[in-house]
Participant: 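Sharing a structure here in structure tokens format.
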Amino acid sequence: MSFELELLEQRRAKLEQIEALGFAAYPYKFDFSHTVAQITEAYASQSAEELAQAKPEVRVCGRLQAIRGHGKAGFADLTQGGSRLQIYVRKDAVGERAFHLYELLDLGDLVGVEGYLFRTRTGELSVHVTNLTLLAKAMLPMPEKWHGLQDVEARYRQRYLDLLANPEVRKVFAVRSRLIRALRSAMERRGYIEVETPMMQPQAGGAAARPFHTHHNALDLDLYLRIAPELYLKRLVVGGFDRVYEINRNFRNEGISTHHNPEFTMLEFYQAYSDYRDLIALTEQLLPEVVMEACGTTSVEFGEYRIDFSRFHRYTMRQAIREFWPEDASRPAIEDFCDRRRTLAVVEAWNRLNPSQPLLAPPEETNGSTIANLFEAVCETKLVQPTFICEFPVEVSPLAKSKPDEPGWVERFELYVAGMEIANAYSELNDPEEQRKRFEAQMALREQGVAEAHGMDEDYIRALCYGMPPTAGEGIGIDRLTMLVTNSRSIRDVILFPLLRPETATPDGSQ
RNA sequence: GGGCCGGUAGCUCAGUUGGCAGAGCAUCUGCCUUUUAAGCAGAGGGUCGCGGGUUCGAGUCCCGCCCGGCUCACCA
């Protein structure tokens, strides 16, 4: 028998002994008078004398995280919801039967205790137990008590153990929850209505990404998991919801990295009678507001940086390439991006400065794509403090409205923080004829083999034909924002169950 | 997909030039009625990720594979 099975057998035997003592192995409930957190908070300031006088009675439950035996007495740490409370079990106080139960307990067991509060010789608030019950047994051993669970793979695969063994993980997800709650209430305060739009779509639109495929049997219908809610949310704006938002999952069938999980959470919202400038103003208000609510400050540690969400920088994409160009002699001019040949010369200059990582700019690529790629290569990692990058090439923005004076550029911004794209927003294109032309241009790209190019969406164009008010829309990546406010270097550390290969045994027995 | 790093007891980790598979925690037995990384004495626990190869001998060297991490590419 393997050691692991032996441990399991030991605990089965203990559970049988516990039942033989007359305790239920899996009782149905425990009537607690306090949570552990309520007790530690309410009695924190009471002295040993005050407690000895009052002997406050409590019924409290949780998981045993440490057991310290002393012969005919013993201590244990009861944890619940990330809080800890010591219990003290004496044979003469609980009786033979309950003390025998105490001796059969293992680390990880869930128990309920009844007793009175006191302070030990060393001053620690503890429950002097008069009644002990088992609520559920841990049949497998818990991770080690002071190093926690370190194995990264095990932490993701068995997140429940990660949460039990590593208190800071629990904190990350508490902050994530506060952040989402803050965003929701910030949107509600501004008069936005929360909606839910289809996750399964006959056509995956609203972004440039490859989708996941699925199938509905009864309708015999091929469907895609959505890559963005955008086109549905704008249909709702046509329908008269002037301010809508959705906080939900998007699915993109792309690579996995420290900044990308195949499913990720976005806040996406639309505001009628507004343009992207209004959304810059909104974002400048919104982020400090929600970051303050989630962490109690607007400036947060992120790796080697301190990120200040109360101050925003701003460049156009063309300005940013100039600004962050590494060398004066070859610094491009704004006019260099007007024409294909001059843009390619800028790429060549960049590649001369970075021969090890040359930027590929195939001749058939649109000039807009080349400029956007150039921007990412030159600037992205340097945008540490919150920075708006405004005005994108029309070729990479098929759903955004052109600038009135420069049809090749659109009214759009992306917000960068710590080298990551956090938000993306634009003045929405609401001219159905122009939208049709944009879709046609995208389809032409798709024919050239650009798999993530946008498809034609006739129903969306029909919706625009009924008239969409001038509208601005924005998406904010919740996972990445959570990374920033929890100082997490990997997106997997802010997603409870990140996608991993399943741990199935292969024919040769390996994993 | 490329590059680099890792996988040894339930957990956290050592393992030297190729020479008997180790420690701490956890577990088990005994002692212990205010400890808190409780303590003391003893015991058990291993497919060294998987499969080949080299060798008298492989955790260690070589090849292939699996899983994971970081990074580059792609993307948000």
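Below, chains carry the letters A, B, ... as their sequence lines are ordered, and counting in each starts from 1.
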Participant: Please classify the nucleic acid contact of A:Ala207 as base, sugar-phosphate, or nothing, using heavy-atom distances under 4.0 Å.
Facilitator: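 No contact.
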Participant: Would you state whether a donor and an acceptor, one from the side chain of A:Gln86 and one from the base of B:U35, lie under 3.5 Å apart?
Facilitator: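 Present.
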Participant: Without decimals, in angstroms, what is the distance between A:Leu105 CG and B:C28 C1'?
Facilitator: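 Those two atoms, CG and C1', are 16 Å apart.
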Participant: Starting from C1' on B:U33, measure out to CZ on A:Arg68 and report it in whole angstrom.
Facilitator: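 About 15 Å, once rounded to whole Å.
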Participant: Assuming nearest nucleotide by heavy-atom distance, tell me which of A:Pro141 and A:Arg90 is located more 5' along RNA chain B.
Facilitator: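 With A:Pro141 and A:Arg90 compared, the 5'-side residue is A:Pro141.
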Participant: At under 4.0 Å between heavy atoms, what does A:Arg157 touch on the DNA or RNA strands: base, sugar-phosphate, or nothing?
Facilitator: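 The residue A:Arg157 makes sugar-phosphate contact but no base contact.
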Participant: Salt bridge or not for A:Glu168 and A:Lys171, using N-O below 4.0 Å?
Facilitator: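 Between A:Lys171 and A:Glu168 there is no salt bridge, as every charged N stays at least 4.0 Å from the carboxylate O atoms.
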Participant: Applying a 4.0 Å non-hydrogen cut-off, can you work out what A:Glu124 is touching in the nucleic acid: base, sugar-phosphate, or nothing?
Facilitator: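 It contacts base atoms.
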Participant: Mind checking the C1' distance from B:G46 to B:G7? Whole angstroms is fine.
Facilitator: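 Between the two C1' atoms, the distance is 15 Å.
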Participant: Mind checking the P distance from B:U27 to B:C11? Whole angstroms is fine.
Facilitator: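 Looking at atom P only, B:U27 and B:C11 are 15 Å apart.
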Participant: Could you check whether A:Gly69 gets within reach of a base, just the sugar-phosphate, or nothing at all, counting any heavy atom under 4.0 Å?
Facilitator: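 Base contact.
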Participant: Sort out the partner of B:U33 for me: Watson-Crick or G-U wobble, both distances under 3.5 Å, none otherwise.
Facilitator: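 Pairing partner: none.
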Participant: Output a table of nitrogen or oxygen pairs between the protein and nucleotides 69-71 of chain B separated by less than 3.5 Å.
Facilitator:
residue: B:G69; atom: OP1; partner: A:Arg492; partner atom: NE; Å: 3.2
residue: B:C70; atom: OP2; partner: A:Arg492; partner atom: NH1; Å: 2.8
residue: B:U71; atom: OP2; partner: A:Thr258; partner atom: OG1; Å: 3.3

Participant: Scan A:Arg210 against the nucleic acid and name what it touches under 4.0 Å (heavy atoms): base, sugar-phosphate only, or nothing.
Facilitator: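 Touches nothing.
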Participant: Using a heavy-atom cut-off of under 4.0 Å over every strand shown, decide if A:Lys72 touches base, sugar-phosphate, or nothing.
Facilitator: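 Base contact - A:Lys72 has a heavy atom under 4.0 Å of at least one base atom.
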Participant: Compare the minimum distances between each of B:U33, B:C67, B:U12 and the side chain of A:Leu149, then state the nucleotide with the smallest one.
Facilitator: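 Nucleotide nearest to A:Leu149's side chain: B:U12.
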Participant: Any N or O donor-acceptor pair under 3.5 Å from the base of B:U34 to the side chain of A:Arg121?
Facilitator: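 Between B:U34 and A:Arg121, which were checked side chain against base, a qualifying N/O pair under 3.5 Å is absent.
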Participant: Is A:Glu124 salt-bridged to A:Arg84, cutoff N-O under 4.0 Å?
Facilitator: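 A salt bridge links A:Glu124 with A:Arg84.
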Participant: Report yes if some heavy atom in the side chain of A:Ile491 is under 4.5 Å from a heavy atom in the side chain of A:Met420; otherwise report no.
Facilitator: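 Not touching, per the 4.5 Å side-chain cut-off.
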Participant: If we take the P atom in both B:C5 and B:A9, what is their distance in whole Å?
Facilitator: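 B:C5 and B:A9 have their P atoms separated by 22 Å.
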Participant: Check every strand shown and say whether A:Glu254 touches a base, only sugar-phosphate, or nothing at a heavy-atom separation below 4.0 Å.
Facilitator: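 The residue A:Glu254 makes sugar-phosphate contact but no base contact.
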Participant: Answer yes or no: side-chain N or O of A:Asp151 and base N or O of B:U12 forming a donor-acceptor pair under 3.5 Å.
Facilitator: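 Looking at the base of B:U12, it does not pair with any donor or acceptor on the side chain of A:Asp151 (distance under 3.5 Å).
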